[in-house]
Amino acid sequence: MSVVEQIKSVAREALGSLYPDATIPASAVTVNQTKPEFEGDYTLVLFPFLKILRQKPDAIGTAIGDYLKEHTDYVTNYSIVAGFLNLTISDKFWADFLQNNFVNTDYGTQSSTGKNVMVEYSSPNTNKPLHFGHLRNIFLGYAMSSVLEVTGNNVIKSNLINDRGIHICKSMIAWQKFANGATPESTGIKGDHFVGDYYVKFNDAFKQEVEDMVAKGAEKEVAEKEAPILLAAQEMLRKWEAGDEEIVSLWETMNGWVYDGFDVSYKRMGVDFNKMYYESDTYLLGKEVVQEGLDKNVFLQKEDGSIWIDLQDEGLDQKILQRKDGTSVYITQDIGTAIKKYEDCDLDTSIYVIGDEQNYHMQVLKLILQKLKHPCADGIYHLSYGMVELPTGKMKSREGTVVDADDMMDEMIAIAKQQTEEAGKTDGFTEEELKALYETIGLGALKFYLLRVDPKKKMIFDPKESIDLHGFTATFIQYAHARICSILRKEKIAQIPDAASFSNFNLATELTEAEKKLIVSLEQYPDVMQNAADDYNPSLLCNYTFQLAQHFNSFYDAHSISKAENDEKKQLRLMIIIMTAQVMRHAMGTLGISLPNKM
RNA sequence: GGACCGGUAGCUCAGCUGGAUAGAGCAUCUGCCUUCUAAGCAGACGGUCAUAGGUUCGAAUCCUAUCCGGUUCACCA
C-alpha cells in the first residue's frame, strides 16, 4: 500500500477513535503532496471535518497529528497551517523503502486480478497502407494492453481486419485493368503500398470517367453512380459474395500482399496480436442474434421486413439491424463479433480502440447488447481517441494528404541520426549499434509524441515541423537513462545488482532535497500505473516518467554519485539511480518505448 | 436541431473524484561544460483558466445559461 493510502487509512482510524460520535465519510479524508513552500511531505486537509466536529482546525489537526505520530513509525512531525495538516515523513522510512525495492524488477507490476481482457486495436482496411492516424491507434492499443497486463489482467490483443467490401474491390479492379500482372515482388514495392497505389489509380480513373461523362452531357450525380469502373467494382463485390472462384482467388492474393506489408510495419512498430479476426469471417455473424432479439420482442420488424431497434427511451433514434432483403448491416456484424469474442475468450472486459467519430456507433452497440441482456454487454468499453489532423484539416487518402506511417517512421529515424551526428555522439559505437540506436530514439520519440496527450483529445501534427527531441519527449527520458547507465558502468555495477551488495547500508545523515524528491516519486509509481489502467489513459505514464527524469537531471546536477561525500551517500545515491533507471525502463517498456544504455 | 467531446501562457499540453500563490515543454532572453554524457542544469519573461451567473469556508475543477471549435445522428463500413 502506498504512503498516501496508509496515511489516509490511519487518519480515518484516528478520526474514529478521537471522535467516536461523529460520522465522517471516507471521501472527506483527502491527502495531497505538500506544496514546496511549506514544510512537510504530505498534507491532510482539515476543512471537511470542521463542520461535522464543530471544532477549530488547530484542535483537530493537533489531535490527528499526535495520533499519527504515535500510531505510525513514519510520521515524525507535523505542523498546521491555515487548515492544512502538513505531515513530515521520516527519512528512515524513505531509505527503508528504497532498500527494499531498488532491485525489484517487478516494482509497479500488480498481482493477478484473474480477469480476461481483450483489447482490439489497429483494425485496418486492406486496400491501403497505414497512415499517421493509425499510428495513434496502434500505439495507444499496444500501450493500453501492456498497462492492463502489468496491472494484473490476462490480456488478449486482437485485430479485426476489414478485409472485404467495395473498397477492396476498387483496388482489385484497378489492378486488373492497369497492372499488367505486376506484383510487389516484380516491382519491389511493399505490398500494402502496392495495393494502395491501385486504390489511388481507381479513384483517378473514376474521376476521369465522371468528367468524360459530364462532358458528354450527363448529370454529375448520375455519372458518379454509373461510371463504368464503379459498376465493375460493384459487380465484383457481388461475385465475391457469391463465391466466384477467380475473384476470391484474386482477393486472397491481394490481401496477402497487404498482410505481408502490414507485418513488416507492425514488427517495426514493436506491436503484436494474439488473435486475428477477419470481417470476411464475421460479417454474417449476428443474424441469428437479430432473430432471437426479434423473437424476444427486443427488436421490431417493419412492414417491408426490415428489422429495427427502438432506442428512443435512451434519447437516441431507431436503428436498423437488418435490411428488408435480409442482409446484415455494419452494426449487425459487430453484435455478432462482440458475442464471438466473449465466447472465444471468456471475457470480463472487451476494449475497442476506435476513433471518436464512432462514439455513437459504439454507444448503440453496447445498448443493443444490454437490451438483449447478453453477458458480454457490460464489459464493453470504447477507448475513444481524437483524430490526428494536419494544420490544413483532416487527412484524406483520396486527396493524397495523408502522412504515411512507414514514411513517418523513416523520417523520425533519419532525424535521430542527424541529431546524433550533429551532437558528435557517435564515438564508440559500431555501425550496427548506431543503426539500432537511431531506431530506438526515432521510434521512441514518435511513440511518446502520440501517447503523451490525453487520448480523447484530438491532436494536430504539422509535418513541416519535425518531432522535437528536446523537452517533453522520449529522448529526454532516454538520455537520463543513458546517463545512469554510464555511471553504473564506471562504477562496475550491474543495472540490477545483487541486493546484498548494499545490505550494510545505514542512513545516518539527512536526505537532501534532490535525493528525497526522487525517492518520493519512485514510491508513487505503482499508483500511477494503476491510475493509467483505471482511467484507460497511458499518457499518465508519460507525464510521470518525464517528471521522474526531470528530478533525476536536477539530482545529477546537484550531487556527485561516484565522488559522493562519503560511502553512505554513495551507496544511497547508487540505490536511487538503480531504482530510477529500473522504474523508467518499466514505465517506458510498458508503453513500448525502449531506453538505450548509451547515447 | 438533438447527443457527445473540447476551449488553461505566443504555440503544444498537464492539472478536472473541489483545497494553499494555476504547472511543464517549445519559443524568446541571462547564466553554467579542466569534476559521473550540456539531447542537460539554474533563472527570467509570459495567464480576464472562453463568457456570465450559481453552490461552497474555498471553484480551472461541481451546476445552469451563453459563445466558439469538432464529431455524430445512412437500408456506407
Side-chain angles (χ1 to χ4, degrees), chain A residues 27 30 32 34-35 37-38 43-48 50-51 57 81-84 86 125 162 164-167 279 283 302 304-308 314-325 327-334 355-361 363-364 384 386-387 389 393-394 416 419-420 422-423 425 441 445 449 452-454 456-462 465 468-480 482-491 535 539-540 542-544 546-547 549-550 552-564 573 577 598-599:
Chain A
S27 61
T30 55
N32 307 324
T34 305
K35 299 267 166 189
E37 52 272 33
F38 299 100
T43 295
L44 178 70
V45 186
L46 299 171
F47 292 106
L50 305 187
K51 257 193 185 164
V81 183
F84 296 94
N86 297 330
N125 289 349
N162 185 5
R164 62 168 285 277
I166 191 75
H167 49 282
E279 215 171 90
Y283 83 112
K302 294 203 171 173
D304 63 4
S306 58
I307 300 175
W308 298 70
E314 318 291 335
L316 305 175
D317 299 324
Q318 291 196 340
K319 192 94 187 164
I320 189 156
L321 301 176
Q322 188 171 302
R323 299 187 185 102
K324 63 183 175 218
D325 61 8
T327 56
S328 57
V329 294
Y330 180 39
I331 193 115
T332 322
Q333 58 178 300
D334 274 1
D356 61 6
E357 78 276 6
Q358 299 216 37
N359 284 355
Y360 177 77
H361 175 79
Q363 192 190 353
V364 170
S384 166
M387 291 286 102
E389 293 180 13
K394 281 184 125 182
Q419 300 222 1
T420 306
E422 269 173 22
K425 299 204 174 209
I441 296 172
Y449 180 84
R452 68 183 193 183
V453 188
D454 187 329
K456 68 172 173 283
K457 294 204 178 185
K458 74 170 185 201
M459 51 191 302
I460 294 171
F461 172 69
D462 188 346
E465 291 169 21
D468 207 336
L469 299 184
H470 301 272
F472 185 25
T473 62
T475 317
F476 184 93
I477 295 162
Q478 290 171 326
Y479 184 66
R483 277 175 143 183
I484 292 175
C485 292
S486 170
I487 296 167
L488 295 177
R489 271 195 302 275
K490 292 210 167 134
E491 292 294 320
D535 298 348
S539 76
L540 300 179
C542 292
N543 287 313
Y544 169 81
F546 175 67
Q547 197 188 52
Q550 267 184 322
F552 166 75
N553 280 331
S554 300
F555 164 88
Y556 179 89
D557 203 64
H559 305 305
S560 176
I561 290 116
S562 52
K563 289 178 188 156
R573 288 175 192 166
I577 65 169
K598 207 167 88 173
M599 66 187 278

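The sequence lines fix the lettering, A, B, ..., with proteins before strands; numbering per chain opens at 1. Note that the structure is a prediction, hence the values are computed from the model and not measured.
Rounded to whole Å, atom P of C26(B) lies 9 Å from atom CZ of F476(A). Counting to the nearest Å, the C1' atom of A74(B) and the CG atom of L321(A) are 14 Å from each other. Note: CG (L469(A)) to C1' (U12(B)) measures 16 Å, nearest angstrom. Rounded to a whole Å, the CD atom of E389(A) is 12 Å from the C1' atom of G6(B). Rounded to whole Å, atom C1' of A38(B) lies 7 Å from atom CZ of R483(A). Here the P atom of nucleotide C5(B) and the NZ atom of K456(A) are 9 Å apart, to the nearest Å. Taking atom CD on E279(A) and atom C1' on C76(B), their separation rounds to 12 Å, with Å as the unit. If you measure from atom CG of N553(A) to atom P of C33(B), you get 18 Å, rounded to the nearest angstrom.
Of the candidate nucleotides C75(B), C73(B), C36(B), C36(B) has the atom lying nearest to any side-chain atom of I561(A). Among the nucleotides C13(B), A39(B), G19(B), the one closest to any side-chain atom of P48(A) is G19(B). Among A14(B), C36(B), C73(B), the nucleotide with an atom closest to any side-chain atom of Y360(A) is C73(B). Side chain of S560(A), nearest nucleotide from C75(B), C36(B), A14(B): C36(B). Closest to the side chain of V81(A), from the set C41(B), A20(B), C75(B), is A20(B). Relative to the side chain of R164(A), the nucleotides A77(B), C73(B), A24(B) differ in distance, and A77(B) lies closest. Comparing atom distances between the K563(A) side chain and each of U35(B), C75(B), U37(B) picks out U35(B) as nearest.
Centre separation under 5.5 Å together with a plane angle under 30° holds for the ring of F47(A) and the six-membered base ring of G19(B), marking them as stacked. Remark: ring of F38(A) overlaps the six-membered base ring of A20(B) in a stacked fashion, centroids less than 5.5 Å apart, planes less than 30° apart.
For the pair Y479(A) and A39(B), the criterion of a side-chain N or O lying under 4.0 Å from OP1 or OP2 is met. In terms of phosphate contacts, K458(A) brings no side-chain nitrogen or oxygen within less than 4.0 Å of OP1 or OP2 of G70(B). The shortest distance between the side-chain N/O atoms of Q550(A) and the OP1/OP2 oxygens of G25(B) is below 4.0 Å. Applying the 4.0 Å criterion to OP1 and OP2 of U37(B), one finds that K425(A) has every side-chain N and O outside that range. Within the 4.0 Å cut-off from OP1 or OP2 of A77(B), not a single side-chain nitrogen or oxygen of H167(A) is found. Between U37(B) and S486(A), a contact under 4.0 Å exists linking OP1 or OP2 to a side-chain N or O. Between K457(A) and G7(B) there is a side-chain polar atom (N or O) within less than 4.0 angstrom of OP1 or OP2. Regarding contacts with the backbone of U72(B), every side-chain N or O of N359(A) stays at 4.0 angstrom or more from both OP1 and OP2. In this structure, S554(A) reaches the A42(B) phosphate: one of its side-chain N or O atoms is under 4.0 Å from OP1 or OP2. For the OP1/OP2 pair of C76(B) and a distance below 4.0 Å, the side-chain nitrogens and oxygens of R323(A) include at least one atom meeting the criterion.
Here D535(A) lies out of heavy-atom contact (under 4.0 Å) with every strand. Counting any heavy atom pair closer than 4.0 Å across all strands shown, K490(A) reaches sugar-phosphate atoms only and no base atom. Residue contacts shown for D325(A) are absent, as no nucleic acid heavy atom lies under 4.0 Å away. Within 4.0 Å (heavy atoms only), M387(A) reaches no atom of the nucleic acid at all. Within the nucleic acid shown, T43(A) comes within 4.0 Å of at least one base atom, counting heavy atoms only. Using a 4.0 Å heavy-atom criterion, one finds that A482(A) contacts the bases of the nucleic acid, with or without backbone contacts as well. Using a 4.0 Å heavy-atom cutoff across all strands shown, V453(A) reaches sugar-phosphate atoms only and no base atom. T420(A) comes within 4.0 angstrom of a nucleotide base, judged by non-hydrogen atoms across all strands. At the heavy-atom level, Q333(A) lies under 4.0 Å from the strands shown only through sugar-phosphate atoms.
For R164(A) and Y283(A), the positive end sits near the middle of the six-membered ring, less than 6.0 Å away and at most 45° from its axis. Cation-pi geometry between R483(A) and Y556(A) is satisfied (NZ or CZ under 6.0 Å from the ring centre, within 45° of the ring normal).
Checked by atom type and distance alone, the side chain of S486(A) never pairs as donor or acceptor with a backbone atom of A482(A) at under 3.5 Å. Formation of a donor-acceptor pair under 3.5 Å by the T43(A) side chain with backbone atoms of N86(A) is not found in this model.
Using a 4.0 Å cut-off between charged side-chain N and carboxylate O, K456(A) and D454(A) make a salt bridge.
Side-chain rings of F461(A) and Y449(A) approach one another, their centers coming within less than 6.0 Å.
A donor-acceptor contact under 3.5 angstrom links the side chains of S384(A) and N359(A), judged on distance only.
Both S328(A) and F472(A) lie near RNA chain B, and the one whose nearest nucleotide falls closer to the 5' end is F472(A). Heavy-atom distances to RNA chain B give each of E37(A) and V329(A) a nearest nucleotide, and the one nearer the 5′ end belongs to E37(A).
In C33(B) the base sits syn relative to the sugar, since the glycosidic angle is no further than 90° from 0.
Using the six-membered ring where Trp is involved, F472(A) and F546(A) have ring planes that are tilted, between 30° and 60° apart.
Base pairing analysis places C11(B) opposite G25(B); the two distances defining the Watson-Crick or G-U wobble pair are each below 3.5 Å.
For N86(A) against A20(B), a side-chain N or O and a base N or O form a donor-acceptor pair under 3.5 Å.
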